[in-house]
Amino acid sequence: MGEHAAIILAAGAGTRLKSKKPKVAHEILGKPLVRWVVDAAKEAGIERIVTVVGHGRDQVVPLVEADTAIAVQEEQRGTAHAVLCALDDQSLSGFDGTIVILSGDCPLVRPETIRAMADAREASGAAAVVLTMRLADPFGYGRIIREEADAPDTADAAAAIARIVEQKDATAEEAAVCECNAGFYCFDARLLADALAQVGTDNAQGEFYLTDVIALLRASGHATIALESDDATECLGVNSRRQLAEASAIMQARINGRLMDAGVTMVAPELVWCGPDVKVARDVVLHPHVTLMGTVEIGEDTIVLPLTTLTDTRIGEGCTIGPNTRLTDTRIGNGCTVEETIALEATLDDGATAGPRAYLRPGAHLCEGAKAGTHVEIKKSTIGKGSKVPHLSYIGDTVMGEGVNIGAGSITCNYDGTSKHATTIGDRTFIGSDTMMVAPVSIADDVVVGAGSVITKDVPAGALAVARARERVYDGWVSAHREARQ
Ligand code: UD1
Ligand code: CA
């Protein structure tokens, strides 16, 4: 796009959420509301973005400062006042292109809509483009008033609008209009600044309304037009916890719909929650109650879907995930099975399996064909190619070779109460059940460790290590004791 800047209004309190957290910091699918809006603007190709913050700004600024300038609106005196604060920011000084205005509490706005507004303004030469929607129940929204007769020649007469009237200021006749202001706009930057300077507070709420600039622009002979949204759900504002849940469900359906279109099977899509940065491969099956958050990648082949709010979606091959699985910032190769597992910052190479009930913590790496089975916890450890940790184990700070078998109940004792220590286990080594490996300790290739051992000393290649009390058997002991007791 040409010279475009965006202003994101995010200074309001959001009192109806009844929260200590400012409204725009609340999350849908793991991403704060205001971030969805920033990302939509960026995806639409807008680089120069100013976020207007006020209420709870300590919590809002860190969410956006990496990619937007910050304008502070000390006192929330209305949307026009918020835009004025943004125009004062040095990043917009002298800017004379197109300004897109978005709301930090409307996370469902699509990048293609932002582009369509900008295109409509360029094609028509209008001073303002307002995104509108028709609602069966328009209560609460600003209403679009179209007065055809005096539409300036420059604008498409059918699209021309005369003014916007807020719910609280509307007459009964105006309130009956069901075309609403979505709260997304595109303006000629200079004309916007001129009109804003004339906005007053003579209205029911005593606020500076951004919506007043439409009538002001018209009064000075400029064209103002509507662009009707083809998907009213994208205009949903989050003003309550109910609307937060509604927005989550809409975004979930959007993301899951795209993943299914791209070849992912979802047994029950309403029970699958994928964050926006999740990349899922072709022929992956996602069972119910699967949550994929942060950067999760499943499978390899890359197909980039056309125009999405997802950054890029990778479509690869054949894993089965879930049910009851939560993966966060985790990378999974092709052909893996992950069932009832929680993984955070873990990596599974092709053909690895996890669960049921595995807990893979940061730095867990299952190499090709490796297995972390039932009630197994793995942290900061490499489980070599084809190695298996099938049952009831804790493996931490360990480098394990290939073809290793860890018997049930075996544990690396990696913590001495002060520091963490490393364990190494060589290729093809067999660790008997219920072995404690007291780190730092190194067990070489082709070792066999007897079940129930407490290994405190290094074991050389090819050795058998047994470290437990010898079994003693006393013939006839039971009956002798019973007699003695009587
Ligand atoms: C606004 C529009 C209304 C439209 C609706 C769509 C105005 C006057 N009205 O109403 O026509 O139908 O959005 O959702 O613009 N904000 C600030 N500073 C302020 C006031 C608001 O940053 O001083 C921010 C809010 O945090 C919010 C956005 O601007 O993100 C919209 O403000 P809000 O009070 O929610 O406006 P609505 O009453 O919803
Ligand atoms: Ca609102």
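All ligand and atom numbering here is 1-based and tracks the order in the structure.
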Those atoms of ligand 1 less than 4.0 Å from some heavy atom in [X]:
| X | result |
| --- | --- |
| Ala82 | 17 (C), 18 (N), 22 (O) |
| Thr79 | 7 (C), 8 (C), 15 (O), 20 (C), 21 (C), 29 (O), 31 (C), 32 (O) |
| Arg77 | 23 (O) |
| Gly142 | 3 (C), 4 (C), 11 (O), 12 (O) |
| Ser103 | 27 (C), 28 (C), 30 (O), 31 (C) |
| Glu166 | 2 (C), 3 (C), 7 (C), 8 (C), 9 (N), 10 (O), 11 (O) |
| Ala10 | 22 (O) |

Residues [X] and [Y]: side-chain donor-acceptor under 3.5 angstrom:
| X | Y | value |
| --- | --- | --- |
| Lys23 | Asn239 | yes |
| His26 | Asp105 | no |
| Thr412 | Asn414 | no |

Open item on the list: As a test of understanding, state which of Val213, Thr211, Val100, Leu131 forms a side chain to side chain contact (heavy atoms under 4.5 Å, CB included) with Tyr185.
Closed with: Thr211
Task: Donor-acceptor pair, side chain of Arg218 and main chain of Thr224, under 3.5 angstrom - done: no
TODO: Spell out, as yes or no, whether a donor-acceptor pair under 3.5 Å connects the side chain of Ser229 to the backbone of Met133.
DONE: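 No, because the side chain of Ser229 does not come within donor-acceptor range (under 3.5 Å) of the backbone of Met133.
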If you measure every N/O of [X] against every N/O of ligand 1, is any gap under 3.5 Å?
| X | result |
| --- | --- |
| Asn181 | yes |
| Val52 | no |
| Leu9 | yes |

Open item on the list: Any salt bridge linking Arg143 with Asp169? Criterion: basic side-chain nitrogen under 4.0 Å from a carboxylate oxygen.
Closed with: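 Asp169 and Arg143: not salt-bridged.
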Task: Short N-O contact, Asp119 and Arg115, less than 4.0 angstrom - done: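 Here Asp119 does not pair with Arg115 in a salt bridge, since their nearest N and O are not under 4.0 Å apart.
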Open item on the list: Among Gly12, Ala182, Gly140, which one puts a heavy atom closest to atom 25 (C) of ligand 1?
Closed with: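 Heavy atom nearest to atom 25 (C) of ligand 1 belongs to Gly12.
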Open item on the list: I'd like the name of whichever of Cys85, Gly78, Gly183, Ala86 reaches closest to atom 23 (O) of ligand 1 through any heavy atom.
Closed with: Gly78
- [ ] Answer with side chain, backbone, both or neither: which part of Gln73 has a heavy atom less than 4.0 angstrom from an atom of ligand 1?
- [x] side chain
TODO: Return yes when atom CZ of Arg241 has more than 12 non-hydrogen atoms of other residues, nucleotides or ligands closer than 6.0 Å, and no otherwise.
DONE: yes
